[in-house]
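Take a look at the structure below.
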Amino acid sequence: MRKHESVARLAAVSLAFSICVFAADPGFLRRQAQDVAPKPDDLTAAGSQAASYKPFFGMGDADADQLKSVARYGELTVAPGGTTPVVSYPAEEQMYFVEEGSGTLLYGDDKAAIKANDFMYLPVGVKHGIANSSAAPIKVIVMGYKIPAGIEVKPTPKLMLASAGDVQRQVLASMGPPPSSSC
């Protein structure tokens, strides 16, 4: 199993757990990623070029009303030479995970190189987008979480960017043996 598949499955399990805790009907989770069609979204709206978004859960999904705290969970693909619009949300914080490829994260007035296995935290109110000047598509898992009314979340003073590739694999004794295929 490839490393990004493991991380994507971990994120899906975390999402499923949080949905169950908040009493959503888990039946809507039964879907296959390859069956989800790209749909127009604010991440692919005016100002974007060669970008598409597959809404697995949340915004853009027919079952979005089942979710209480997840605003969106989907896959954003930006083709070579493409860009997304620069967006920001007053009541949603996001995390991006780069599944494949490389590109540039536009973050406020800054730019940061991003590549496969990078995680980014995108706080409330900070403008962000993705540009792809590489020769291959960049695929990013977009995870957005609603900030409840009355809760104030202050943006971090700088971009929070980390690579899953920099973290050594750890096997916990209580988790059993590692899978036979390598990550």
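For the numbers below, each heavy atom of this structure counts, side chains included, while hydrogens, waters and symmetry mates do not.
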Notebook entry, point to check: With sequence neighbours left out, what residues match T83 under side-chain contact (heavy atoms from CB on, under 4.5 Å)?
Noted result: Q49, A131
Note to self: Distance check, rounded to the nearest 0.5 Å: T77 atom OG1 versus L43 atom CG?
What the structure shows: 11.5 Å
Notebook entry, point to check: How far does NZ of K54 sit from CG of D35, to the nearest 0.5 angstrom?
Noted result: 9.0 Å
Could you tell me whether the side chain of [Y] reaches within less than 4.5 Å of the side chain of [X], counting heavy atoms only?
| X | Y | answer |
| --- | --- | --- |
| R72 | D42 | yes |
| L76 | T44 | yes |
| Y107 | M120 | no |
| Y89 | K146 | no |
| M160 | P123 | no |
| I141 | M95 | no |
| I147 | E93 | yes |
| P80 | S134 | no |

Count I, L, V, M, F, W, Y as connected when their side-chain heavy atoms are under 4.5 Å apart, and connections chain through other members. Are [X] and [Y] then in the same cluster?
| X | Y | value |
| --- | --- | --- |
| V98 | V86 | no |
| V153 | M143 | yes |
| L106 | V142 | no |
| L159 | I138 | yes |

Check: What heavy-atom pair brings E92 and G144 nearest, and what distance separates the two atoms?
Finding: OE2-CA, 3.5 Å
Notebook entry, point to check: If you look at every heavy atom in P55 and A37, which pair is closest and at what distance?
Noted result: CD-O, 3.7 Å
Item checked: Among V126, L122, V124, side-chain contact (heavy atoms from CB on, under 4.5 Å) partner for Q94 -> L122
Margin query: Go through it in stages, so that I can follow the logic: the residues are L161 and F119, the test is side-chain contact (heavy atoms from CB on, under 4.5 Å), and I'd like the CA-CA distance, side-chain angles, deciding distance and then a yes or no.
Written below: CA-CA 6 Å; L161 173 70; F119 278 97; over 6 Å; no
Next item on the list: Please assess Y96 against I130 for the test side-chain contact (heavy atoms from CB on, under 4.5 Å), listing each intermediate value before the final yes or no.
Entry: CA-CA 10 Å; Y96 282 6; I130 293 181; 3.8 Å; yes
Next item on the list: Look at the side chain of D41 and the backbone N and O of Y53, then say whether any donor-acceptor pair between them is shorter than 3.5 Å.
Entry: no
